[in-house]
Every structure is written in C-alpha cells, then in structure tokens.
Amino acid sequence: MEIPGKTLQEIADDIERDVGNKVKYVGLRPPDTNHPDIPLINLTTLEERELCVAVTSCGLTVIGHSHDSLEALDHVTRSRDDDRSRDHQVKGSLTSENGEESARFYETIYSLLDDVSPKYRAAFCSELSCKLLELQSLRAEET
C-alpha cells in the first residue's frame, strides 16, 4: 500500500481519523518490537468483532481476531517479502487450523470493513443515500 508522499505510519494515522465514526473503536497500538516498521491498528466493528490490522506496503490485512493479537504478523511479513503479486491473496500464509481462512490484503480500510462488517456496509449505504437525497434536494431548489 503506497500513497505518494505518505509513510505507512501516516496512512495508519489517517485511517484512525477517517473511520472513527464507522466502527465502535479504532486505535493505533504500539509497534511490535520484531516489526517496528509495520503500523498496527486495533478496531472493533459495529458487530462488536475485535480485530488487529497491519498496515503494510502490500495493503491492510487482519493479523489477529482480538485487540493486540499478533498471531499472524510473522506470516504476513514473510509473505510480504516473498510475494508482492498484488492479487490481494497471500498464498500459503495465515491458514487457520481448520484450513478455512487465509490472509487477504485490502487496498483501503473501507474495502476491509466492507468485507468483515455487514453493519458497516449498511451504514455506508445509508449515509450515501442520505447524501444523494440531499444533493437532489439542493438541485431541485436551484431550478
């Protein structure tokens, strides 16, 4: 994940500011001592699902299923170094014991939230509808 002129830490700071009203909780956690260059974000979705998200050069990825959980950080950093294919799927990493889940990289926090939080998606659609109706009213008043 690269935004010209921004560091990964600045991107993480922007995410914290941008999604505060779209989740129950969002906050930066102290960096992991083994991976100090990877910003980490704790968030709680509207469904009360806790996640720990890493901000990497490949994008955003869930590394833990509770705040401060770094269960998959080593897998993500190895995969990041080995596979920069940008196909949004990291091959061979982060497979759970039952084989159901693998790490995904997301280009934006919004695409990650859209995937993990149905209530986020509903709130986003509702907010968008309200803004479109507002715009329609403004245009009607102008004519």
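Each residue takes its place number in the sequence, starting with 1.
- Going from atom CG of Leu60 over to atom CZ of Phe105 covers 9.5 Å, rounded to the nearest 0.5 Å.
- Residues Asp18 and Ile109 form no side-chain contact, since every pair of their non-hydrogen atoms from C-beta on lies 4.5 Å or further apart.
- With contacts defined as side-chain heavy-atom distances shorter than 4.5 Å, the pair His65/Leu51 qualifies.
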Practice task
Give the C-alpha distance, both sets of side-chain angles, the deciding distance and a yes or no for side-chain contact (heavy atoms from CB on, under 4.5 Å) between Ile41 and Ile15.
Solution key: CA-CA 9 Å; Ile41 301 170; Ile15 289 169; 3.8 Å; yes

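- Checked options Ile63, Val55, Val53; the residue passing with Leu40 is Ile63 (criterion: side chain to side chain contact (heavy atoms under 4.5 Å, CB included)).
- Using a 4.5 Å heavy-atom threshold, the side chains of Asp114 and Phe124 count as separate.
- For the atom pair CZ of Arg121 and CG of Asp115, the computed distance is 7.5 Å after rounding to the nearest 0.5 Å.
- Remark: Leu138 CG to Leu133 CG distance equals 11.0 Å, nearest 0.5 Å.
- When every heavy atom of Val116 is checked against every heavy atom of Glu47, the shortest pair comes out as O-OE1, 4.4 Å.
- Checked by atom type and distance alone, the side chain of Asn42 pairs as donor or acceptor with a backbone atom of Asp68 at under 3.5 Å.
- Lys24 NZ to Glu50 CD: the interatomic distance, rounded to the nearest 0.5 Å, is 12.0 Å.
- In this structure, the side chains of Asp14 and Lys6 come closer than 4.5 Å at one or more pairs of heavy atoms.
- At a threshold of 4.5 Å between non-hydrogen side-chain atoms, the residues Ser117 and Arg49 do not count as touching.
- A pairwise comparison of heavy atoms in Pro39 and Ala12 identifies CB-CB, 3.6 Å as the closest pair.
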Exercise for the section: Apply side-chain contact (heavy atoms from CB on, under 4.5 Å) to the pair Gln9 and Leu28, showing each step before the final yes or no. Expected result: CA-CA 10 Å; Gln9 186 60 54; Leu28 298 177; 3.5 Å; yes

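- Using the six-membered ring where Trp is involved, Tyr120 and Tyr110 have ring planes that are parallel, under 30° apart on the 30 and 60° scheme.
- Between Leu8 and Ile38 the shortest side-chain heavy-atom distance does not fall below 4.5 Å.
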Practice task
For the pair Leu112 and Arg104, evaluate side-chain contact (heavy atoms from CB on, under 4.5 Å) and give the outcome as yes or no after the intermediate values.
Solution key: CA-CA 9 Å; Leu112 185 149; Arg104 292 193 54 175; over 6 Å; no

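- The backbone N or O of Ala122 lies less than 3.5 Å from no partner atom in the side chain of Ser126, so there is not a single donor-acceptor pair.
- Each of Val62, Leu73, Leu70 was scored for a side chain to side chain contact (heavy atoms under 4.5 Å, CB included) with Cys52, with one residue passing: Leu70.
- Distance check, rounded to the nearest 0.5 Å: OG of Ser137 to CD of Glu141 gives 6.5 Å.
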